[in-house]
Structure formats: structure tokens, C-alpha cells
Amino acid sequence: MKELPKIYDPKAVESKIYDFWLKGKYFHAERDPEKKPFTIVIPPPNVTGQLHLGHAFDETIQDVLTRYKRMQGYAALWLPGYDHAGIATQIKVEEKLRNEGLTRFDLGREKFLDEVWAWKNKYGNRIVEQLKTLGSSCDWDRQRFTMDEGCSKAVREVFCSLYEKGLIYKGKRIINWCPKCTTALSDAEVEYEEKPGHFWHIRYPLTDGSGYVTVATTRPETMLGDTAVAVNPNDDRYTDIVGKTCILPLVNKEIPIIADEYVDMEFGTGCVKMTPCHDPNDFEVGLRHDLEQVLILDGEAKIINGGKYNGMDRYEARKAIVHDLEEQGYLVKIEEHVHNVGTCYRCHSDVEPLASDQWFVKMGPLAKEAIRVVEDGTIKFVPDRFSKTYLNWMNNVRDWCISRQLWWGHQIPAWYCADCGHVTVSREDAEKCEKCGSTNIQRDPDVLDTWFSSALWPFSTMGWPEKTEDLEYFYPTDVLVTGYDIIFFWVARMIFSGMEHMKKEPFHTVLIHGLIRDPQGKKMSKSAGNGVDPIEMIDRFGADALRFNIITGNSPGNDMRFYVERCEAMRNFANKIWNATRFVMMNLTIDKNELPDTLELEDRWILSKLNTLAKEVCENIDKFELGVAASKIYDFIWDSYCDWYIELAKPRLNSGDPEANLRAQKVLLYVLTEILKLLHPFMPYITEEIFQALPHDGEALIIEKYPEFREDLSFPKEETGFEKIMAAVRAVRARRADMNVPPSKKPHLIIVSDSADVFSAGKVYLSKLAYAGEVTITSEPPADTNGMVTVVTDDAKMYMPLSELVDLDKERERMRKELSKAEDELARIEAKLSNEKFVSRAPENIVAAEREKADKARALIANITESLASLG
RNA sequence: GGACGGUUAGCUCAGCUGGUAGAGCUUCCGCUUGACGUGCGGAAGGUCGGGGAUUCGAGUUCCUCACCGUCCACCA
């Protein structure tokens with residue numbers, strides 16, 4: 001048998017094993033009518049991005065599920081792919097250009113796009129490779145990109161079909177504008193941050209000189225775009241000035257005073273300046289009152305239409321305007337004011353609300369089905385609470401602004417006719433106006449929101465709009481795994497897109513996980529410099545250790561803190577398995593994995609426990625409790641298999657009895673192999689490596705059958721029987737440790753018990769594990785217990801002659817302590833049992849269990865009392 | 001303003017359908033026990049945030065309060 005190194009070295013194994021899987025095409029999912037499909041589409045990472053812990057988290061969960069289902073015999077497809085990430089990628093390339101002293105406008109659209117594609121080709125493979133090092137079993141043959149030909153076709157089809165249905169329209173609305181990215185954003189792309197600011201109270205004189213109105217604002221520069229002042233129609237204070245006009249200071253423009261229900265009489269002065277182009281509410285009021293619209297900011301948030309302030313940056317203008325207002329006596333007061341400022345989710349610049357002509361998706365009709373499928377349980381969120389988050393958003397969803405003033409992305413398929421003004425929206429590139437036939441047409445320069453294409457991901461990746469066999473077989477997908485931070489961006493939009501275009505939900509389960517945070521609980525970010533590089537973790541501890549760390553440290557939907565020490569602990573776990581294997585292999589003479597005909601007590605014990613484990617693991621994975629499943633495997637391997645079963649096997653292996661030796665080998669190998677199967681989805685590399693080194697039938701662990709509960713390997717009686725021996729061993733060990741008896745000292749062990757048969761069967765193990773010399777099982781305590789240490793469990797009294805070590809006083813004290821502990825326990829149980837109501841109302845089995853506990857406590861007390869008496 | 005999550009051993013977290021608590025790391029004691037010191041054996045450590053209710057019985061259900069956190073909405 002080949003010799004394994006003493007310490008497991010993931011580096012020597014992982015890439016080799018990954019290549020082995022690739023060569024075997026195990027990741028490739030074939031449509032197979034004999035099998036049930038199981039499908040996951042990857043949340044496409046940014047094509048030029050780098051793997052961070054968030055990805056590692058997300059991908060590990062998906063890989064565990066995929067490998068599990070694959071081993072269960074499903075045609076398991078994990079479909080990989082990447083997102084073009086419009087803004088993020090364009091920003092990066094523009095940054096690179098800026099370092100060369102260029103802007104995208106210097107290059108022009110076409111050349112700039114060449115640059116981005118070059119960038120994509122340069123960095124696009126990095127994240128693919130990183131995903132592979134993690135062990136991801138994606139079907140790389142089906143790799144997709146949101147801007148590849150097929151996905152682009154899907155985008156085009158969806159845009160046109162929604163346009164034809166009247167669900168996409170172009171219109172002038174207040175949108176969120178990022179002056180740094182110089183594009184419109186959707187509502188979802190705005191992040192609100194609480195920032196300290198001011199409330200400036202400004203006086204607008206009435207034109208007739210009869211007084212003035214005072215308005216308050218947090219953005220004084222917007223006054224340049226004021227076209228009215230509004231009051232509430234029911235506000236008695238202002239009834240006489242409604243219909244009058246006032247003079248807009250600094251601008252010296254006459255603007256009307258209007259009445260509108262929108263104004264809250266209780267708030268501030270009850271007078272509100274109306275800036276229709278820079279506030280959504282004012283925009284609505286403006287439409288109702290036919291107010292003039294004055295746009296005062298350009299794309300970079302510099303002042304336009306603002307007289308002497310033109311060309312100033314918005315913050316510069318704010319300062320200047322406040323200064324001028326104060327100087328000219330219009331500034332009444334300044335209050336400190338903390339308010340929420342919208343910022344761009346990409347660059348975190350303050351977003352400006354401004355009126356702009358943009359394309360929108362009409363959400364009302366689409367939301368209806370999207371709400372229904374979650375309400376009626378067609379789509380389930382795990383944990384369930386996120387369905388509430390989702391529904392709340394979907395119920396209040398506003399139209400989705402989908403046009404972006406970028407170049408990198410899917411260009412909007414709309415052509416404007418210079419002659420008749422008609423807009424031609426078309427699946428094929430238009431040559432002429434569909435209405436007047438003019439060739440004097442120009443394509444809309446804008447591109448679509450990145451999320452517009454990711455919304456189609458579950459079906460665009462399978463060939464839609466063509467009717468493909470893949471779609472037929474693999475759609476709808478099964479589980480969508482993602483973080484709660486992109487429920488609105490992505491999950492919501494996939495759901496309504498799936499319902500609208502496929503008439504079928506895109507997945508039945510949405511498994512939501514939390515964020516990985518740093519040890520202080522802070523969000524990891526590049527700017528904070530507190531990020532941990534998963535690749536470095538893989539390098540230091542192995543991918544299996546990283547994966548196991550992530551999976552076990554977490555429960556569904558909750559954030560987790562990342563500790564490098566935990567990776568270390570999991571590496572140790574991998575090493576533990578490695579060495580258990582080393583032990584098994586160095587004792588192996590068989591070349592076939594099969595259970596022996598006869599099973600000893602301890603064999604039945606471990607097999608029965610293994611059987612229960614398989615059941616529990618499957619149950620927990622099925623309900624997406626991956627962390628629970630993984631820890632159960634961990635405990636079984638470390639405690640049951642390594643610390644107990646291997647130790648138990650040693651006497652048989654060394655017994656000199658070839659039959660006994662053989663049986664032990666067989667069970668050792670069998671259980672180890674089952675462990676590898678159970679663990680494989682979580683720790684794929686080391687398990688496959690070991691599987692290959694052990695005698696095995698199948699060609700690869702990755703396609704072995706996942707263990708499940710087997711009635712014929714369930715031995716509950718032997719399990720409890722063996723626990724008695726374990727309890728005895730533990731008790732002896734504890735006592736010896738307490739007395740500082742070294743393992744080399746092996747006294748005679750006399751066991752007095754009613755369960756003599758069990759102890760007799762375990763005699764050899766007692767001597768080995770409890771460091772005993774001779775072991776005697778008897779029904780009568782020794783006549784002379786003088787100088788003997790007594791150890792007591794529920795089922796046994798044990799005596800060890802260790803006279804030279806026995807301090808009688810200490811012994812007595814200890815026994816009294818144990819006695820009083822046992823008596824307290826019994827008192828508690830008896831109190832419970834003497835409670836009429838408990839006995840009458842508690843379920844029978846619970847009462848019986850309590851009675852049994854009481855019996856045990858009584859036995860223990862009797863044992864201790866007896867032993868105490870024998871001490872004299 | 002609304003919704004949600006958290007509050008359990010020194011630290012980080014488990015604890016599913018109610019029957020007086022577990023793990024990892026840390027700490028302490030001991031061990032060349034021929035797989036593993038990335039190890040073995042043992043020990044210490046918790047009035048499960050406060051208060052109330054339901055129940056024979058509540059980290060576990062309900063109400064309430066406090067603190068921490070997240071999301072959504074947003075009155076200029």
C-alpha cells in the first residue's frame with residue numbers, strides 16, 4: 001500500500017484533482033430523460049472582477065448543493081457565467097484611460113468599446129480561474145456572458161416585446177443622476193447615507209411689496225430652478241397670498257404662489273419652494289400647475305441656467321449662493337439638520353434628482369404575477385422572512401429606469417427619425433424610419449441597465465428566445481443562491497421576467513445568505529482595507545478548509561464574521577481525516593470494500609451511528625441547513641470515528657487473530673469510505689484524493705452514490721449498549737487524570753455491573769482505552785476494597801487498586817461531592833414526578849423518561865453510597 | 001416613520017417542531033498512548049439582555065422594554 005505523507009498538503013492535491021474531474025467531464029450535465037434535472041444558475045460575477053469572500057460564500061453553497069444532488073443521481077447542472085457590469089467595468093477602463101491622459105470622448109464610442117473588450121479579454125479569465133481553485137463544479141462547457149451573442153439577442157427580444165406591449169416607454173421623469181458616473185440610475189441603485197447638513201431658511205419677497213414668504217431648504221442651490229412657491233390650500237395663514245407672486249432672490253424672477261395639497265402645514269413654515277426639475281414631488285406639483293421647468297445642473301452637476309453661478313460646481317454654488325443670500329439679507333436662519341443623502345452605489349457620490357428623458361419599464365402589470373408566485377408559495381424564500389422583504393418592495397415598486405448614459409452595455413434598439421420624429425424600436429438594426437421611411441435616423445446612444453440582462457439570466461443562458469432542449473429540460477431552475485443585498489436588484493427582476501417571458505417561475509427556492517464581515521463585524525471593503533483574499537486563504541489552508549469554514553460558521557440568512565483561525569481549525573480537520581486514512585491504509589491488506597459477515601458490538605455501534613448521520617445530513621441539506629449538516633459530519637469523523645472507533649479497532653488489528661483483524665479492516669474501510677461520500681460536497685478535494693487512494697469500485701467519488709439511511713444497518717440496542725462502555729471509559733479516564741496517573745500505569749480494573757454481558761463484550765477495549773491491566777467483570781464487589789479507587793457510573797461500579805496513589809480523605813471528599821450532586825439531581829426529578837399536574841398532563845414518554853432518569857440517579861446514589869461505605 | 005435581524009461560556013457562533021444548554025478558538029492540568037502535537041486525555045467557564053404572560057414545564061411560544069445592527073420610506 002502506498003505511503004501517504006504525514007501532513008496533508010492541499011497544494012499537492014487540489015489542482016491535480018480538479019484536472020482529474022475536468023478530464024472525466026463530471027461537471028458536464030447531460031440532458032437525460034432517465035434522470036431528474038437539478039439546476040442552479042450562478043449569480044454572474046463581474047467579468048473583470050476578482051473573487052472575494054462574498055463570492056466564495058455564494059459559490060461554496062452552490063457547489064455543495066450541486067455536488068450533493070449529482071451524487072444523488074440528478075442531472076445536476078450548475079451553469080456558470082459572467083456579467084458585463086456596465087458601470088463598474090466602464091469606470092475601470094475610463095480610469096485606465098485617464099492615467100494615459102485620455103477620456104472616452106477622445107477615443108469615440110467605437111474605439112472606446114474596443115478598449116473595454118480588450119480589458120474584458122485581459123481580466124475576464126481571472127475570476128474563472130479563481131472559481132476553479134475553490135473547487136466549483138460548474139459545467140464550464142455552458143459558460144455564458146451577459147453580452148455574448150445569445151444573451152444579447154435575449155435582451156433585444158425582451159426590450160422589443162415589452163415595448164410592443166406598452167411595458168417599456170420613454171418619458172421625462174425625475175431620475176437619480178450620478179454626476180461622477182454621468183448617468184441615470186434606478187431607484188435600487190441609490191444608497192441612502194445619513195449625513196449632517198443644514199436647513200437654510202430663505203425669505204422670498206412678495207412682488208407687491210406687502211411682505212414675504214419664508215421657505216426652507218437643504219439644497220439652497222436648487223433655488224436657481226425655483227418656478228413657484230407652494231402652500232396648502234387649507235392653510236389660513238396664506239389664503240390671501242395664493243395667486244400672488246414673489247420675487248426669487250438672486251435670480252430676480254417673478255414666480256407664482258400656488259396652493260397644493262402636497263404641502264404639509266405642520267412642517268417648517270408651511271411654504272415650500274418648488275423646483276420641478278430637481279425634486280420628484282415638486283415635479284408632480286409642477287405638472288399639476290403647469291409650472292415652468294428650469295434645469296439648473298448639467299451632467300457633471302455644474303450650474304447651468306443660473307446666471308452668474310453658471311459653471312460652478314454644485315457645492316461651490318451652494319456656498320456662493322448662501323453667501324450672497326446672507327449678504328443681501330434674504331437668509332433668515334440656518335439650522336443644523338441631519339438628513340439622508342442619496343449616493344451612487346458604485347462610486348458613492350451624492351446623487352442628484354433631476355428631470356430627464358429616460359426609458360422605463362412599467363412595473364405595475366409585471367409586479368402582479370411576481371407578487372402572486374411568492375404569495376402562493378410557488379417560489380419560496382429561505383429563510384422565509386425574506387419573502388416579506390421582497391413582497392414589501394414589489395408591492396411598492398416604481399417604474400424601473402433602465403437607460404444608462406454609458407457606452408459599455410446593450411445599446412438600446414431605438415432609432416429616432418430626424419424627419420418625422422417617430423421612434424423605431426426593432427429586433428434588427430433599423431435602416432430607415434418605420435413610419436416615414438426616412439433614412440435620416442439616429443440610434444439612441446444609451447445602453448441598458450446591467451441588471452436588465454441579468455434579469456433574463458435563468459433562461460437567456462439556456463438559449464432563449466430559441467426553444468431549446470436545454471430550456472425544456474433544465475428550466476425552471478431549482479435553487480437560486482444569493483445574498484440579501486441583491487434581492488431587489490436581481491432576484492425580484494428575475495422573477496417578474498421569468499413570469500412574463502417564460503410564463504413560468506425561474507426557480508422554486510431562493511436561498512438567501514448574509515454577508516461576510518471582518519472580525520469586528522464591519523463590512524469588508526477595498527477602501528477600508530479589511531478584506532480577506534480567499535485565494536490567499538486557499539493558498540495557506542486549502543480550498544477545503546476555506547469552504548468548510550464558511551459553511552459551518554453560518555446559519556441561513558445571517559451575516560458571519562470571518563476568522564482566519566477558523567480556517568486553521570478546518571485545515572486541522574482535513575489533516576485529521578488524512579491521518580485517519582493513513583492509519584487505515586497502513587493496516588490494510590484487503591483490496592475490496594465490503595462489510596464482514598460478522599459484526600462486533602463496536603462495529604454495530606459505529607455503523608448504526610453512521611446510518612443515523614447519513615439520515616440527518618440529508619435532512620439538513622434538504623432544508624438548506626448546510627452548516628448543521630457539516631458540523632454533524634465533523635463531529636462524527638473526529639469523535640466517533642477517530643477518537644473512538646479507530647482506537648477500538650487497534651486491539652483487533654494487533655490481536656494476532658487474522659479473522660478479527662480482517663473484520664476490523666473491513667469496517668474501518670467501509671465507514672471511512674462512507675464518510676468521504678458524506679463529506680465530499682463540503683470538502684471535495686481531500687475526499688476525492690483519499691477515495692482514489694483507497695480500494696474502491698467506482699471511478700470517482702464525485703459520482704458515487706450519496707449515502708442514505710439503511711434499515712439493515714440500524715442497531716439502536718447495540719448503540720446504547722456501547723454507550724455504557726464509553727461512559728465507563730470516560731469515568732475512569734477522568735478519575736485518573738484527576739489523580740495524575742500516567743497512561744503507562746495500568747492497574748487491575750474490577751467492574752461490578754448488572755450489564756455484565758455488555759462489559760464482557762467490551763473487555764478488551766476497556767483495558768486499552770481505560771489504561772487497565774487486567775479487567776475483571778463480576779457481579780460482586782471485591783471483599784477488600786481497601787486502597788482501591790472507586791469509579792461510578794449509572795451502570796457500573798469500578799475498582800482500581802492504586803493504593804500508593806490513594807489519598808483516602810481526598811477520595812471520601814470527592815465521593816461526597818458526587819453523592820450530593822446525584823442527590824440534587826434526584827431531588828429535582830422527584831419533585832417533578834411528585835407534581836400531580838406533571839404526571840397527569842405531560843406526555844407519557846416524557847414522564848417515563850423522567851422515571852428512568854430517577855431510577856438511574858437512585859442507582860448512582862446507591863453505587864456511591866456503597867463505595868463510600870467501603871472506604872470506611 | 002415602517003419592517004426585519006441580533007442580544008446564549010472570555011471571544012465567535014449553533015441550539016429545528018417547548019422537557020433546565022453545545023461547538024470552535026481561548027484558559028488551566030496531564031500525556032513520546034507506534035495515524036495525527038495541525039495530536040491525545042481531562043478540567044474550568046453560562047441566573048440563555050430586563051420584566052411580564054401562557055404551560056406541569058420556556059434560550060425555545062406570546063406581550064413589553066432596553067441596547068446593537070440591517071433594510072425600506074422620507075417633509076421641502
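When reading the values below, keep in mind they use all heavy atoms of this one structure, side chains included, and skip hydrogens, waters and symmetry mates. In what follows, chains are A, B, ... by sequence order, proteins preceding strands, each numbered from 1.
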Mind checking what makes side-chain hydrogen bond (donor to acceptor under 3.5 Å, both in side chains) contact with [X], not counting sequence neighbours?
X	answer
A:Arg814	A:Asp738, A:Glu811
A:Lys853	A:Glu850
A:Glu823	none
A:Thr222	A:Lys273

Using a heavy-atom cut-off of 4.0 Å across all strands, would you classify [X] as base, sugar-phosphate, or nothing?
X	result
A:Arg540	nothing
A:Pro843	base
A:Tyr262	base
A:Phe386	nothing
A:Ala842	base
A:Tyr771	base
A:Asn835	sugar-phosphate
A:Cys642	base
A:Glu647	base
A:Trp200	nothing

Shorter than 3.5 Å, N or O on both sides, protein versus nucleotides 2-4 of chain B: list them out with atom names.
residue, atom, partner, partner atom, Å
B:A3, O3', A:Lys388, NZ, 3.1
B:C4, OP1, A:Lys388, NZ, 2.7

Less than 3.5 Å between a donor and an acceptor, one on the side chain of A:Arg571 and one on the base of B:U38, is that the case here?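 Answer is yes: a donor-acceptor pair is held.
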Can you tell which of [options] lies closest to the side chain of [X]?
X	options	answer
A:Arg733	B:A76, B:U38, B:G42	B:G42
A:Ile846	B:U38, B:A76, B:G19	B:G19
A:Lys576	B:U70, B:C40, B:A73	B:C40
A:Asn575	B:A35, B:U70, B:U38	B:U38
A:Ile7	B:C75, B:C11, B:U38	B:U38
A:Asn558	B:C11, B:A76, B:G5	B:G5

Quiz: residues 765-772 of chain A side-chain donor-acceptor pairs under 3.5 angstrom, not counting sequence neighbours:
residue, atom, partner, partner atom, Å
A:Tyr765, OH, A:Glu602, OE1, 3.4
A:Tyr765, OH, A:Glu602, OE2, 2.0
A:Ser767, OG, A:Val764, O, 2.9

Partners passing salt bridge (charged side-chain N to carboxylate O under 4.0 Å, His left out) against A:Arg385 (at least two apart in sequence or in another chain):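 Here no residue qualifies.
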Do A:Lys333 and A:Phe199 meet the cation-pi criteria used here (NZ or CZ under 6.0 Å from the six-membered ring centre, within 45° of the axis)?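 A:Lys333 over A:Phe199 ring: no.
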With a 3.5 Å limit on both atom pairs, tell me what [N] is paired to, counting Watson-Crick and G-U wobble, or say none.
N	answer
B:C67	B:G6
B:C16	none
B:U47	none
B:C62	B:G52
B:G37	none

For B:G39, does the O4'-C1'-N9-C4 or O4'-C1'-N1-C2 angle fall within 90° of 0, making it syn, or is it anti? anti
Could you tell me how the ring of [X] sits relative to the ring of [Y]: parallel (under 30°), tilted (30 to 60°) or perpendicular (over 60°)?
X	Y	value
A:Tyr634	A:Phe573	tilted
A:Tyr390	A:Phe381	tilted
A:Tyr645	A:Tyr641	parallel

Just how far, in rounded Å, is [atom2] of [N] from [atom1] of [X]?
X	N	atom1	atom2	result
A:Met570	B:U12	CE	P	17 Å
A:Asp643	B:G42	CG	C1'	13 Å
A:Asn554	B:G6	CG	P	13 Å

Ring center gap for A:Tyr345 and A:Phe489 short of 6.0 angstrom: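 Centroid distance A:Tyr345-A:Phe489: below 6.0 Å, so yes.
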Contact pattern, 5' to 3', of nucleotides 25-30 of chain B - B, S or - by protein heavy atom under 4.0 Å: ----SS
5′-ward residue of the pair A:Val839/A:Lys768 relative to RNA chain B: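 So the residue in question is A:Lys768.
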Most 5' of A:Ser555 and A:Asn396 on RNA chain B, judged by nearest nucleotide: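 Looking at the nearest nucleotide for each, A:Ser555 comes out on the 5' side.
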Tell me which residues in residues 619-628 of chain A put a heavy atom below 4.0 Å from RNA chain B, sorted by number, or none. A:Lys623
Output the residues of residues 275-288 of chain A in contact with RNA chain B, where contact means a heavy atom of the residue under 4.0 Å from an atom of the strand; sort by number or write none. A:Asn281
Quick one: is B:U33 close enough that its OP1 or OP2 comes under 4.0 Å of any side-chain N or O from A:Lys650?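 No, no such contact exists.
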For residues A:Gln665 and A:Thr589, is any side-chain donor paired with an opposing acceptor at under 3.5 Å? yes
Listed partners of A:Ala355 passing side-chain contact (heavy atoms from CB on, under 4.5 Å), at least two apart: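 If we apply the side-chain contact (heavy atoms from CB on, under 4.5 Å) test to A:Ala355, skipping adjacent residues, the hits are A:Lys172, A:Ile174, A:Cys277, A:Phe283.
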With A:Arg540, which residues qualify under side-chain contact (heavy atoms from CB on, under 4.5 Å), at least two apart? A:Glu536, A:Met537, A:Val564
